[in-house]
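Right, one structure below, let's go through it.
Remember, it's 1-based here, ligands and their atoms both numbered in the order they're listed. Numbers here simply count residues along the sequence, with the first being 1.
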Amino acid sequence: MKATLMEDKDGSHLIVGTNNIDAQIKREEEYRRRMADARTSARNDFLANMSHDIRTPMNAIVGYTNIAKRCQNDPEAVSDALDKIGSSSHFLLSLINDVLDISKIESGKMQLSVGPCDLGAVLRRIEDITSLQATSKFLNISYSKERVRHFRVLGDELRIEQILINIVSNAVKYTPAGKDVILIAEETSLPGSKKSRYRFVVRDTGVGISEEYLPHIFDSFTREQDTRTNRIQGTGLGLAITAKIVELMEGTISVKSKLGEGSEFTVELDLAPLPDEGTEGTEDSGADGAGALVGKRILLVEDNDINAEIAEMVLAQYGASRRSGPRTDRSGSPRSAAVRTDTMTPS
Ligand code: ADP
């Protein structure tokens with residue numbers, strides 16, 4: 001109810017207006033209820049997806065570990081079990097990384113770590129990884145970076161690599177044998193800006209994406225409902241993360257696709273080139289050979305026994321060896337609990 005007092009030559013008048021807002025309140029309540037339902041159902045979907053996606057590789061890891069233990073006299077069976085444990089662990093680790101990334105992004109906690117970035121090294125690493133994946137699937141894969149003039153830029157190298165690896169790996173994953181995948185990187189200058197526009201196009205002649213699914217392709221936990229793609233392992237998180245990282249970099253990502261013919265993903269990032277430090281193609285600095293750690297002193301701090309053992313074995317592969325003597329805890333007394341410190345010295 002609204003009341004207004006008006007004065008005129010005849011005296012004072014009280015004007016009263018009423019309006020029934022029951023319908024409006026009902027609409028607002030309905031909207032709030034729908035939002036709460038959507039949140040609950042998203043959380044339930046998330047938990048259902050997660051428990052299924054985690055349990056599947058975990059079952060394989062536990063199952064094949066038991067098989068390997070039982071078949072110790074059959075090296076072929078043990079090696080087959082180890083391969084399967086390896087690929088399931090790899091999938092589980094990438095799922096956990098994706099889930100951590102998506103929750104970091106959704107809670108607004110993902111931050112870019114911007115610094116000098118070597119796009120040449122990024123593209124080389126992507127080539128190394130994806131050409132192996134492609135050859136094992138009998139795909140033709142090619143890379144073109146002739147139209148990039150500046151490879152050293154200011155950007156988040158790790159995240160740029162994550163964007164490209166997700167898209168190129170998908171192209172390889174969803175393209176059958178004998179077909180083609182290409183990654184094209186090109187740079188165009190932006191008039192009046194210190195930045196250049198870097199465009200990365202990933203084109204494949206694979207299974208393609210349906211018109212119905214295409215608008216949802218960047219939503220978390222969604223996958224094409226297609227028998228061909230459902231048989232391929234995936235979580236439906238890779239592109240959601242990719243799109244969010246591109247957004248954080250103030251770039252754009254777009255996709256064109258036709259079912260049965262193939263897909264084309266385009267990412268555009270505006271990045272500031274840095275002065276050249278020699279030619280593109282310089283190898284990553286640092287020795288990475290088997291003896292890289294000979295002569296180095298290393299302090300290994302790890303509170304988990306299994307992780308400590310793995311770290312020791314990895315370091316030993318690079319030439320470090322454990323100095324004899326007891327493992328110690330923080331106080332220097334022989335190791336008893338949480339932290340042990342072992343010094344690995346040159347072999
Ligand atoms: P997933 O882990 O399932 O690969 P993504 O988020 O990376 O998750 O991709 C979501 C879905 O988009 C995939 O499950 C697949 O259906 C579809 N998709 C992505 N890239 C391609 C591609 N290059 N060709 C065909 N389908 C694709």
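Residues R199 and D270 are not paired through a salt bridge, judged by the lack of any N-O separation under 4.0 Å between the basic side chain and the carboxylate. A salt bridge is absent between K26 and D22: the closest approach of a Lys/Arg side-chain nitrogen to an acidic carboxylate oxygen does not fall below 4.0 angstrom. Salt-bridge annotation for R125 and E157: present, with a side-chain N of the basic residue lying under 4.0 Å from a carboxylate O of the acidic one. A salt bridge links R33 to E30: at least one charged side-chain nitrogen sits closer than 4.0 Å to a carboxylate oxygen.
The residue among F91, Y174, Y213 with a heavy atom at the shortest distance from atom 27 (C) of ligand 1 is Y174.
Interface of I217 with ligand 1, defined as ligand atoms under 4.0 Å from a residue heavy atom, comprises 12 (O). Those atoms of ligand 1 with a heavy atom of E224 less than 4.0 angstrom away are 16 (O). Of all the atoms in ligand 1, the ones that sit under 4.0 Å from a non-hydrogen atom of F265 are 20 (N), 23 (N). Atoms of ligand 1 lying under 4.0 Å from any heavy atom of K173, numbered from 1 in the order shown and given with element: 1 (P), 2 (O), 4 (O). Taking a cut-off of under 4.0 Å to the non-hydrogen atoms of G236, the atoms of ligand 1 that pass are 1 (P), 2 (O), 3 (O), 6 (O), 8 (O). In summary, the atoms of ligand 1 found under 4.0 Å from a heavy atom of A171, numbered by their order in the structure, are 23 (N).
Contact check for F138 versus P176: no side-chain heavy atoms found under the 4.5 Å cut-off. Looking only at side-chain heavy atoms (C-beta outward), Y198 and T188 stay at 4.5 Å or farther from each other. The closest side-chain heavy-atom distance from I67 to V78 is not below 4.5 Å. Side-chain contact check for L274 versus F151: every heavy-atom pair is 4.5 Å or farther apart.
Heavy atoms of L237 found under 4.0 angstrom from ligand 1 belong exclusively to the backbone. Contacts with ligand 1 closer than 4.0 Å are made by side-chain heavy atoms of I209 only, the backbone lying farther away.
Proximity of F218 to ligand 1 is not established, as no heavy-atom distance is less than 4.0 Å. For N166, the closest heavy-atom approach to ligand 1 does not fall below 4.0 Å.
By the 3.5 Å distance cut-off applied to N or O atoms, L239 is counted among the residues near ligand 1. For ligand 1, the polar-atom distance check against G238 finds a nitrogen or oxygen pair separated by under 3.5 Å.
Residues T242 and N166 have side chains that bring a donor and an acceptor to within less than 3.5 angstrom of each other.
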